[in-house]
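Note sheet for the following structure.
Letters A, B, ... are given to chains in the order of the sequence lines, protein chains preceding strands, and every chain is numbered from 1.
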There are 2 protein chains.
Amino acid sequence: MKTIGMAVMTLDGCITRHAGEGTAFASREDQAHFHQVLNEFDCSVMGSRSFEIHRSAIMAALDQQRLRIVLTDSPAKYAELQRPGSLEFRRANPAGLLDELAARGLGRCAVLGGARVYTDFIRAGLMDEVWLTLEPLGFGTGRRLFEGDIDFRFSLLSAETLSSDTLLLKYRPRAAGPAAF
Amino acid sequence: MKTIGMAVMTLDGCITRHAGEGTAFASREDQAHFHQVLNEFDCSVMGSRSFEIHRSAIMAALDQQRLRIVLTDSPAKYAELQRPGSLEFRRANPAGLLDELAARGLGRCAVLGGARVYTDFIRAGLMDEVWLTLEPLGFGTGRRLFEGDIDFRFSLLSAETLSSDTLLLKYRPRAAGPAAF
């Protein structure tokens, strides 16, 4: 199972704008890239808040090509929306979930946020790569990619341009641990 | 007068680590780059907290090649450290300060932080470029590049590598204003 975190961020490290939610600030080029590469995944994972924000778009785009997993403390709340094999609401830890997805024959999982989900996966050592779109924006305030005090080092795999101002940076997490700070 | 903000940041947008201060997390390559390019400036500006953190290194390196300005609400507190033309403590707004520095024949100012100083200069429309070193680290918590709710757009001028994992990104702020969010 290959697990890749995907996020769009301002150059001052905001994945949301001010007190708002969602990624409406993402450039057209990032959105096109995002929808294109999602086709290369057979499953994706997001938190329930991310689901709520994008709910109508997600419900309109369900198919059997990609299983969407929504992590929530209250799966029962979403029972009516459940579409086995297409949209499933789960209370699970990252390791157990990925084991189950692998057992179901799935091989490529996109981790779509938000911060808590990104952090849970990276803390568990279950993120193979992080693909970060860096938009040429500064918001000053907003949610950050990771939550809580962490210490991770990454290797830069590639840096490419999605437009003249937008970068796509791909990183691989290295083993976590007390780095030399 | 050309004014350039310089900062080192993790890939999740932290310019400090957790509750700590300073930039000890900067890579050797970033530190070498920083000290090299500083030679191209005839003045620099930092806040008093940044000065306090780097105080002993700054006091050991004073010269007449570059005027260091420390912005503080209490210049009198630092009267004994004052070295006219080399280290000056000032209570000033960005515009007034840059006008004065230009009148004194200075032409290239490095804005060295922290967040409040970066934000004051960019809000005043007085930052010509921002040079951002992106280190392959994730801290989860720490100070951010800018403070408060802002909405700035930038143009990407260049992206280069300082090492296999560390990027140097140069941006130019565009006119501020209510972008289409």
Contact winner vs chain B - Thr161(A), Leu157(A), Leu11(A), heavy-atom pairs under 4.5 Å: Leu11(A)
Residue among Leu134(A), Asp149(A), Leu169(A) with most heavy-atom pairs under 4.5 Å to chain B: Asp149(A)
Side-chain H-bond candidate by donor/acceptor type, Thr166(B) with Asp30(B), under 3.5 Å: no
Heavy-atom contact with chain B under 4.5 Å, split by part of Arg143(A): backbone
Phe139(A) ring center within less than 6.0 Å of Phe146(B) ring center: no
Among the listed options Thr119(A), Leu132(A), Thr10(A), Leu167(A), the residue most often paired with chain B at heavy-atom distances under 4.5 Å: Leu167(A)
Lys NZ or Arg CZ of Arg108(A) over Phe41(A) ring: under 6.0 Å, within 45°: yes
Atom group of Ile15(A) that falls short of 4.5 Å from chain B, counting heavy atoms: neither
Max heavy-atom pair count under 4.5 Å with chain B, selected residue of Gly142(A), Gly140(A), Gly13(A): Gly140(A)
Pick from Ala19(B), Ser163(B), Pro136(B) with the largest number of heavy-atom pairs that fall under 4.5 Å of chain A: Pro136(B)
Pairs of heavy atoms under 4.5 Å with chain A: top-ranked of Ala7(B), Cys14(B), Ala159(B): Cys14(B)
Contact class of Ser164(A) relative to chain B, heavy atoms under 4.5 angstrom: backbone
Shortest non-hydrogen contact from Phe154(B) toward Gly138(A): CE1-N, 3.8 Å
Electrostatic pair Glu88(A):Arg83(A) at N-O distance under 4.0 angstrom: no
Min side-chain heavy-atom separation Ile4(B)-Val111(B) under 4.5 Å: no
Residues Glu129(B), Lys2(B): salt bridge by 4.0 Å N-O rule: yes
Residue, of Leu145(A), Asp12(A), Ile150(A), that accumulates the most heavy atom pairs under 4.5 Å with chain B: Ile150(A)
